[in-house]
Amino acid sequence: LTQEHQRRFPAGALSVEREAIALEALAHSGQTAEAKRRGLAFEAKYPKSIHLPRVRALLTRLGSR
């Protein structure tokens, strides 16, 4: 669903939220390498995001911290 949202609204107001949701979905589906890659990119792209603590916690659980 997050891919569909990105296709329809690539620069939408909810793009940061979409990426945080996508990271959780990737991690829960076993795609940990992709979740780590995108999580690190999220940190760089959105350093002041309200979702950053959630993303960092996910990276810690995945062993990227």
Side-chain angles (χ1 to χ4, degrees):
L1 291 173
T2 58
Q3 290 174 343
E4 173 67 14
H5 185 270
Q6 183 168 3
R7 187 186 65 73
R8 293 182 62 201
F9 310 103
L14 299 175
S15 60
V16 177
E17 288 79 2
R18 175 188 64 224
E19 187 61 16
I21 291 167
L23 291 169
E24 291 279 345
L26 287 166
H28 289 295
S29 69
Q31 298 178 60
T32 56
E34 181 65 6
K36 288 177 187 181
R37 185 190 69 74
R38 287 175 65 172
L40 294 171
F42 185 100
E43 282 186 309
K45 188 172 183 178
Y46 307 111
K48 296 183 182 192
S49 171
I50 193 168
H51 301 289
L52 195 54
R54 179 175 156 196
V55 170
R56 286 185 172 151
L58 174 69
L59 288 171
T60 297
R61 286 194 312 268
L62 296 176
S64 288
R65 295 267 163 237

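No hydrogens, no waters, no symmetry mates; every other heavy atom, side chains included, goes into these values. Note that this is a predicted model, so its numbers are computed, not measured.
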Under the side-chain hydrogen bond (donor to acceptor under 3.5 Å, both in side chains) rule, collect the residues that match up with [X], sequence neighbours excluded.
X   : result
E4  : R7
R37 : E34
R54 : none

Sequence-distant partners of E17, salt bridge (charged side-chain N to carboxylate O under 4.0 Å, His left out), two or more places apart: none

Within residues 11-31 or reaching into it, pairs that qualify as ring pair (Phe, Tyr, Trp, His ring centres under 6.0 Å) - sequence neighbours excluded: none

A25 backbone acceptor or donor facing S29 side chain under 3.5 Å: yes

Donor-acceptor under 3.5 Å (R38 side chain, A22 main chain): no

Approximate separation, where rounding is to 0.5 Å, of R61 CZ and K36 NZ: 12.5 Å

Shared-cluster residues of L23, by chain and number - hydrophobic side chains joined below 4.5 Å: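 In the cluster with L23 are V16, L40, F42, Y46, L52, V55, L58, L59, L62.
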
Over all atoms of both residues, closest heavy-atom pair of A35 and A27: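 Closest approach of A35 to A27: CB-N, 3.9 Å.
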
Closest non-hydrogen atom pair between P10 and R18, with its separation: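 In this case the closest contact between P10 and R18 is O-NH2, 3.7 Å.
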
